[in-house]
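Single-structure report; data block below.
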Amino acid sequence: MAEAVSLSFPDNSVRDYPPETTGADIASGISKSLAKKAVAYALDGEVRDLADPVRRSGALEILTRDDPRALELIRHDCAHVLAEAVQELWPGTQVTIGPVIENGFYYDFARETPFTPDDLPVIEKKMAEIIQRNKPFAKEVWDRQKAKDVFAEKGEGFKVELVDAISEDQDVKIYSQGEWFDLCRGPHMASTGQVGDAFKLMKVAGAYWRGDSTRPMLSRIYGTAWATKDQLKAYLHMLEEAEKRDHRKLGREMDLFHFQEEGPGVVFWHSKGWRMFQSLVAYMRRRLDGTYEEVNAPQILDKALWETSGHWGWYQENMFAVKSAHAFTHPDDEDADHRVFAIKPMNCPGHVQIFKHGLKSYRELPIRYAEFGNVHRYEPSGALHGLMRVRGFTQDDAHVFCTEDQLAAECMRINDLILSTYADFGFQEITVKLSTRPEKRVGSDENWDHAERIMAGVLDEIAAKSGGRIKTAVNPGEGAFYGPKFEYVLRDAIGRDWQCGTTQVDFNLPERFGAFYIDETSEKKRPVMIHRAICGSMERFLGILLENYAGHMPLWFAPVQAVVATITSDADDYAREVVEELRAAGLKVELDLRNEKINYKVREHSLAKVPAILVCGKREAEEKTVNIRRLGSNTPSSKTLAEAVAALSEEAVAPDLARGMSRKAASNDA
RNA sequence: GCUGCUGUAGCUCAGUGGUAGAGCACUCCCUUGGUAAGGGAGAGGUCGCGAGUUCAAUCCUCGCCAGCAGCACCA
């Protein structure tokens, strides 16, 4: 027979309870008000139903709605309420799964006609009704076969499949809320009333059953739920703010780039956007630091070359191919040139050709070829998304040809470069993921074993070297078709993660192309190849930067660093002089002499996110000063022209150059 | 690619089975104004493309294209 349990509480008190005491019993034993507010309990941190008996000793906490751990319960319960509401409104709709996700939950339904946004308020109303009914959540453990029979009889085929997926050592648990019940592993709160009213259905979407694009598409409803109305409001407000920093919106407002129908997924860079692009390229080029050789390989190459590389076989659905226009318009003309060329989706095969041109000695290794390579990939239409996912983009790509002995050191060297680059753009939270062999792949298992072993070692070293600051993880089966890879994921200012950099070890491509170097004993040896990118795609990286900074680019990166704006035309000549001085100092400056009020000019340039507005009126012209208004501040400051030029040009130095300057200064001092 | 929604002036968006409207932007005129919109006038649209229904289609139907959200895929 079960023995009494001894429980310790957050206030450090310890009490004994008879066997089979439930969380609810304990709560009501403590106080009436706690019993009323309790939604669940945690035993040694594990959250459980209030109605669950406490069967072992440990640290016990009664959770109320305000506990952060209750949030997950609120959301999960809300998903159940949603499912009941939908089935009550539209009987015959099948329920499938409804998990908690970041900031909310969703529930996937199977039905003939998908939901429309108009359905959401109707469902919300029904949900409020169910919450009002305040039915207790009750758990039962069912016999596996009974569960399958019951769901089968209800026409819930997906649930039957889910029951089958529960492993034999697990109970099949059913949670009911009044008449309605669902298969669920729990835990849940005490009753539907505890869900509260701080929830909102957000959107409808299609989603594949079990995330598999070969299986049926279900109708998903996304919702968000919080402990209080204020939290819900804050979340909705946060979403609005995030929308304001959408790079597509900023691109329009700041006149950086556009897209149009004739070019799905390819960017029209306007002058200011292209300036930013060029700043990024210039920065990355400086960081090549003389240790890479920059090269440039052709945009189109014979299909045969891509067959050799394996791309034609493994990557075909993502590739564009071209032939002469004449061959297109005259497919039957035997005299026409019908050769098929692929537009490069990757730079690696080109770089192997450059490596192969001429004999290479072991003395030359590692050879590092860098290219700001413009690649095209035929991305699925639904994947396109502003600058973040395009069909034509520029990679800050490089391929390192080295010996196996050099491999680990090269990976670390790349790691250091990647991390310092991200730091220069203010990204500190980085995760490095090791992606291992995918199902669709080229190369022998021995090669994969080998490469993965080396990379696992490097991953540990990366973590150790950063002193735990860099998080690491493993992504099984997510590697490229030719080799395992490190993915560098950075977190931006509003907490979103972006995969940018990548380091991929490749034993296959050198072999496929028969690349070799001559070793110490005059033998031909196969080099190992490392693919690496830091920004990944320059386009995407710029999109990330725009959103990270909400368009407020740091001075060194801003396409227009300052605007000199006059108050009246009396100051025109002086304003021209100011612009000249700033330009002489290398600053990107524009002049606004328009016949408009200063309010108007300030507003317009502020909306265009110009970092500094230099206002010049009669006073400034007489005193040879400028009045500087920095973006985001409404308290301008007056400086002499010389001071302003010095301050702005110092701030406009790129971080890598600033490092160089401070090193130089330090060595001069010494 | 899949599911749903959307496509009207440079931008944001109204609107109607009888071929269109606002605000901002643009051009011109007045205004020389001290830190987020001074006033007036004017110009600007094959209502995404193609078929169909209809006396008549921007509006209804179908197909295509593109965009948005999610899924799948991914730098």
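Not measured: the values here are computed from a predicted model. Just so it is clear, the values below take in all heavy atoms, side chains as well, and ignore hydrogens, waters and symmetry mates. To find a chain, count down the sequence lines: A is the first, B the second, and so on, and within it residues start at 1.
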Regarding A:I598, tell me which of base, sugar-phosphate or nothing describes its non-hydrogen contacts under 4.0 Å with the strands shown. sugar-phosphate
Using a heavy-atom cut-off of under 4.0 Å over every strand shown, decide if A:R252 touches base, sugar-phosphate, or nothing. sugar-phosphate
Report the nucleotide, chosen from B:U35, B:G38, B:A75, that has the shortest atom-to-atom distance to any side-chain atom of A:N627. B:U35
Look at the side-chain N and O atoms of A:R629 and state whether any lies under 4.0 Å from the OP1 or OP2 oxygen of B:A36. yes
B:A75 phosphate, OP1 or OP2, under 4.0 Å from A:R391 side-chain N/O: no
When you measure from the side chain of A:A207, which nucleotide among B:A36, B:C26, B:C71 comes out closest? B:C71
Using a 4.0 Å heavy-atom cut-off, does A:E317 contact any base of the nucleic acid, only the sugar-phosphate backbone, or nothing at all? nothing
If I take atom CG in residue A:L542 and atom C1' in nucleotide B:A75, what distance separates them, rounded to the nearest angstrom? 13 Å
B:A69 OP1/OP2 closer than 4.0 Å to side-chain N/O of A:R248: yes
For B:G70, take OP1 and OP2 only and decide whether either is under 4.0 Å from a side-chain N or O of A:Y107. no
Under 4.0 Å, heavy atoms only, any strand: does A:Q395 hit a base, just the sugar-phosphate, or nothing? nothing
At under 4.0 Å between heavy atoms, what does A:G211 touch on the DNA or RNA strands: base, sugar-phosphate, or nothing? sugar-phosphate
With a cut-off of 6.0 Å (strictly less than), are more than 12 heavy atoms of other residues, nucleotides or ligands near CD of A:E243? no
Which part of the nucleic acid does A:A383 contact within heavy-atom distance under 4.0 Å: base, sugar-phosphate only, or nothing? base
Nearest-angstrom distance, C1' atom, B:G48 to B:A66: 7 Å
Report yes if a side-chain nitrogen or oxygen of A:Y106 is closer than 4.0 Å to either non-bridging phosphate oxygen (OP1 or OP2) of B:C71; otherwise report no. no
Parallel, tilted or perpendicular for A:F109 and A:F115, by the 30°/60° rule? perpendicular
Tell me what A:V390 touches on the nucleic acid: a base, only sugar-phosphate, or nothing, going by heavy atoms under 4.0 Å. base
Is it true that A:K624 and A:E581 have a side-chain N and a carboxylate O under 4.0 angstrom from each other? no
Students often mix this up, so state it plainly: with edges at 30° and 60°, are the rings of A:Y283 and A:F425 parallel, tilted or perpendicular? perpendicular
Using a heavy-atom cut-off of 4.0 Å across all strands, would you classify A:L384 as base, sugar-phosphate, or nothing? sugar-phosphate
Please measure how far the C1' atom in B:C71 lies from the corresponding atom in B:U12, and state the result in whole Å. 30 Å
So what does A:R220 touch, heavy atoms closer than 4.0 Å: a base, only the sugar-phosphate, or nothing? sugar-phosphate
A:R287 and A:S420 side chains, donor-acceptor separation under 3.5 Å: yes
Can you check whether A:H399 and A:Y369 have ring centres sitting under 6.0 Å from each other? no
A:F541 and A:Y422 aromatic ring geometry - parallel, tilted or perpendicular at 30°/60° bounds: parallel
The side chain of A:K618 lies closest to which of these nucleotides: B:A75, B:G34, B:A37? B:G34
Do the side-chain N or O atoms of A:S381 get closer than 4.0 angstrom to the phosphate oxygens (OP1, OP2) of B:G1? yes
For A:Y600, answer base if it contacts any base atom (sugar-phosphate contacts may also be present), sugar-phosphate if it contacts only those atoms, and nothing otherwise; contact means non-hydrogen atoms under 4.0 Å. sugar-phosphate
How far, in whole Å, is B:G15 from B:U58 if one measures between their C1' atoms? 10 Å
Would one find a side-chain N or O of A:Y222 under 4.0 angstrom from OP1 or OP2 of B:C71? yes
Looking at A:R532 and A:E410, does any basic side-chain N land under 4.0 Å from a carboxylate oxygen? no
Has A:F115 got its ring stacked on B:G4, by the test of a centre gap below 5.5 Å and a plane angle below 30°? no
Tell me what A:Y378 touches on the nucleic acid: a base, only sugar-phosphate, or nothing, going by heavy atoms under 4.0 Å. sugar-phosphate
Mind checking if A:E620 touches a base, just sugar-phosphate, or nothing, with heavy atoms under 4.0 Å? base
Taking only N and O in the side chain of A:H385, is any of them less than 4.0 Å away from OP1 or OP2 of B:A69? yes
Report yes if a side-chain nitrogen or oxygen of A:K485 is closer than 4.0 Å to either non-bridging phosphate oxygen (OP1 or OP2) of B:A75; otherwise report no. yes
Closest listed nucleotide, where the reference is the side chain of A:R389 and the choices are B:C71, B:C74, B:U35: B:C74
Closest of B:G34, B:A66, B:U35 to the A:N599 side chain is B:U35
Integer angstrom distance from the P of B:G1 to that of B:G39: 49 Å
Out of B:U35, B:A69, B:G48, minimum distance to the side chain of A:K203 belongs to B:A69
Which is true for A:K601 with a 4.0 Å heavy-atom rule: it touches a base, it touches only sugar-phosphate, or it touches nothing? nothing
If you look at every strand shown and take non-hydrogen atoms under 4.0 Å, does A:T568 touch a base, only sugar-phosphate, or nothing? base
